[in-house]
**Q** 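My structure is below; once you've seen it, I'll send some questions.
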Number of protein chains: 2
Amino acid sequence: MVKSLDDTTENKILGAARKVFWEKGMAGARMQDIADQAGINKALLHYYYRSKEKLFEVIFREASSLFFMKIAGIIESDIPLFAKIESFCGEYIAMLSQNPYLPLFVLNEANKQPYRFKQRFWKNRENLFERFARDIMMEIENKKIRPLKPAHLFMNMVSMCVFPFIAKPIWMMSSGMKEDEFIHFLEERKKIVPEFIICSIKK
Amino acid sequence: MVKSLDDTTENKILGAARKVFWEKGMAGARMQDIADQAGINKALLHYYYRSKEKLFEVIFREASSLFFMKIAGIIESDIPLFAKIESFCGEYIAMLSQNPYLPLFVLNEANKQPYRFKQRFWKNRENLFERFARDIMMEIENKKIRPLKPAHLFMNMVSMCVFPFIAKPIWMMSSGMKEDEFIHFLEERKKIVPEFIICSIKK
DNA sequence: ATACAGTTTAACCAAATGGTCAACAAAGAT
DNA sequence: ATCTTTGTTGACCATTTGGTTAAACTGTAT
């Protein structure tokens, strides 16, 4: 029986670490849980990653990169504002549907260790929002949309895309939605959210 | 020197527990930290609250009640839809500005312990959203607003009010805002968000 | 076969952590 | 003054937890 590429010890560890860290966060995760989840010994875990910190850093860097890369890619593309908004909402909600734990994980750790986050994970991301702001200012000058501070529009857009994933458990309790209804709800939002935004800003 | 009412051991403990739990969450909080913060012995902490669980439950119940009560109060009031939206956004953002840790704390713990949350903290909150949905359907029938599923409108509104508090650290890094600029930003949102919503749905 | 490198394990360790206990102090009640 | 209840403390305990070590196993080149 040949070891497939996905089945190396290294990959089993990363998969297990991802699951445990995403679900429980740095403080709540236990090295023993990760080892169990990977089906290996705890000592072997330390053989591959010397400490919990090191392993966490790998998982967190991977996660925050996933969380921001998509945003950056779409926002820096050269398409008209409305198309950009549609593309952003659609693709970002799609990506988060694939990784529903991502927002809470990244935002929670960024809140709990802001200094560390800034030091290690905030390189070359400075001007992400600047580009979007310029697009908006341009369309305001062209009288295509009503005057509105770019920061608010951007915050509104990201809020409506990301928040449902964070509020999911409470939302499902209060709305009584079932799992598949929630999936459908998210699917709808790919269209509903950009429509909602454009309806609001279009002149 | 008479002990003022706010300075009882009980209150010092609650204040300390609030601070530590809100900042670090259940998993990250240490009983020793809470005792230190309260300026008392760890044994005394256990004298008042037998276990970390018990103490956490008090703080969490208090927090989740704060988080939902305001919503309920406004949404169940008998005012017109647009006024209700304005009132909700303004008052909810104001309340969260006073308690900026609240959203992440409540949503994070609800995510990490969904079953426990449902069991212990979800009593008599079922029909909170139903009321708002009826208001919206009514206005759609009256042709006052464009057709839109109430669930999406509600989710959008809550998202735009709550999300900025969760994203604060990342937002401040990426936008370069300073603390007082952020406070001003939130202040603006009390008007901007309801305006944004009403612009979008008004016929 | 054997030597050798990388991999895996059981057993172990020290620090951290939630929790307890017996003694002691404070404050009323008698 | 003395008794009793309540509040407070330092020392202590058991378990959990991140991390280490030495031995054993595996595959491979000689």
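Atoms considered below: every heavy atom in the structure, side chains included; atoms not considered: hydrogens, waters and symmetry mates. Just so it is clear: chains get the letters A, B, ... in the order the sequence lines come, proteins before strands, and each one is counted from 1.
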**Q** B:Gln32 CD to D:dA11 P: how many Å, rounded?
**A**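 Distance, rounded to whole Å: 13 Å.
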**Q** Counting only side-chain nitrogens and oxygens, does A:Arg50 get under 4.0 Å of the OP1 or OP2 atom of D:dG19?
**A**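 Answer no for this pair, as no side-chain N or O of A:Arg50 is under 4.0 Å from OP1 or OP2.
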**Q** Heavy atoms under 4.0 Å, any strand shown: does A:Ala29 hit a base, just sugar-phosphate, or nothing?
**A**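 The answer is sugar-phosphate, as A:Ala29 gets under 4.0 Å only of primed atoms, P, OP1 or OP2.
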**Q** Indicate yes or no for a side-chain donor-acceptor contact from B:Glu109 to the backbone of B:Met26 under 3.5 Å, with no hydrogens or angles considered.
**A**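 Between the backbone of B:Met26 and the side chain of B:Glu109 there is a qualifying donor-acceptor contact (under 3.5 Å).
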**Q** Specify whether A:Trp171 and B:Phe129 have parallel, tilted or perpendicular ring planes, treating 30° as the upper limit for parallel and 60° as the lower limit for perpendicular.
**A** tilted
**Q** Roughly, in whole Å, what's the span from CG in A:Leu44 to P in D:dT21?
**A** 16 Å
**Q** CD of B:Glu10 versus P of D:dG7: gap in Å, rounded?
**A** 9 Å
**Q** Nearest whole angstrom, please: distance from the C1' of D:dA23 to the CG of A:Asn41.
**A** 13 Å
**Q** For D:dT16, take OP1 and OP2 only and decide whether either is under 4.0 Å from a side-chain N or O of A:Arg30.
**A**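 So the side-chain polar atoms of A:Arg30 never come under 4.0 Å of the phosphate oxygens OP1 or OP2 of D:dT16.
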**Q** Does the base of D:dG19 carry an N or O that pairs as donor and acceptor with the side chain of A:Lys52 under 3.5 Å?
**A** no
**Q** I want to check one thing: is the phosphate of D:dT8, taken as OP1 and OP2, less than 4.0 Å away from some side-chain N or O of B:Tyr47?
**A** no
**Q** On DNA chain D, nearest-nucleotide positions of A:Glu53 versus B:Leu45: which is more 5'?
**A**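 Mapping each residue to its closest nucleotide by heavy atoms, the 5'-most match is B:Leu45.
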**Q** Would you kindly give the NZ-to-P distance between B:Lys54 and C:dG18, to the nearest whole Å?
**A** 17 Å
**Q** Over 60° means perpendicular and under 30° means parallel, so classify the ring planes of B:Phe196 and A:Phe196, tilted if in between.
**A**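 Tilted.
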**Q** To the nearest Å, how far apart are B:Leu55 CG and C:dT17 C1'?
**A** 15 Å
**Q** Rounded to the nearest angstrom, tell me the gap between atom NE2 in B:His46 and atom C1' in D:dA11.
**A**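 Rounding to the nearest Å, NE2 of B:His46 and C1' of D:dA11 are 15 Å apart.
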**Q** Give one of base, sugar-phosphate or nothing for B:Tyr48, where a contact means two heavy atoms less than 4.0 Å apart.
**A** sugar-phosphate
**Q** Whether A:Thr9 contacts C:dT7 is assessed here as follows: a side-chain N or O lying under 4.0 Å from the phosphate OP1 or OP2. Is that the case?
**A** no
**Q** Salt bridge between B:Lys84 and B:Glu139, side-chain N to carboxylate O under 4.0 Å?
**A**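 B:Glu139 and B:Lys84: not salt-bridged.
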**Q** Whole angstrom is fine here: how far is it from CE in A:Met31 over to P in C:dA16?
**A** 17 Å
**Q** Could you tell me how the ring of A:Phe56 sits relative to the ring of A:Phe21: parallel (under 30°), tilted (30 to 60°) or perpendicular (over 60°)?
**A**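 Answer is perpendicular, since the angle exceeds 60°.
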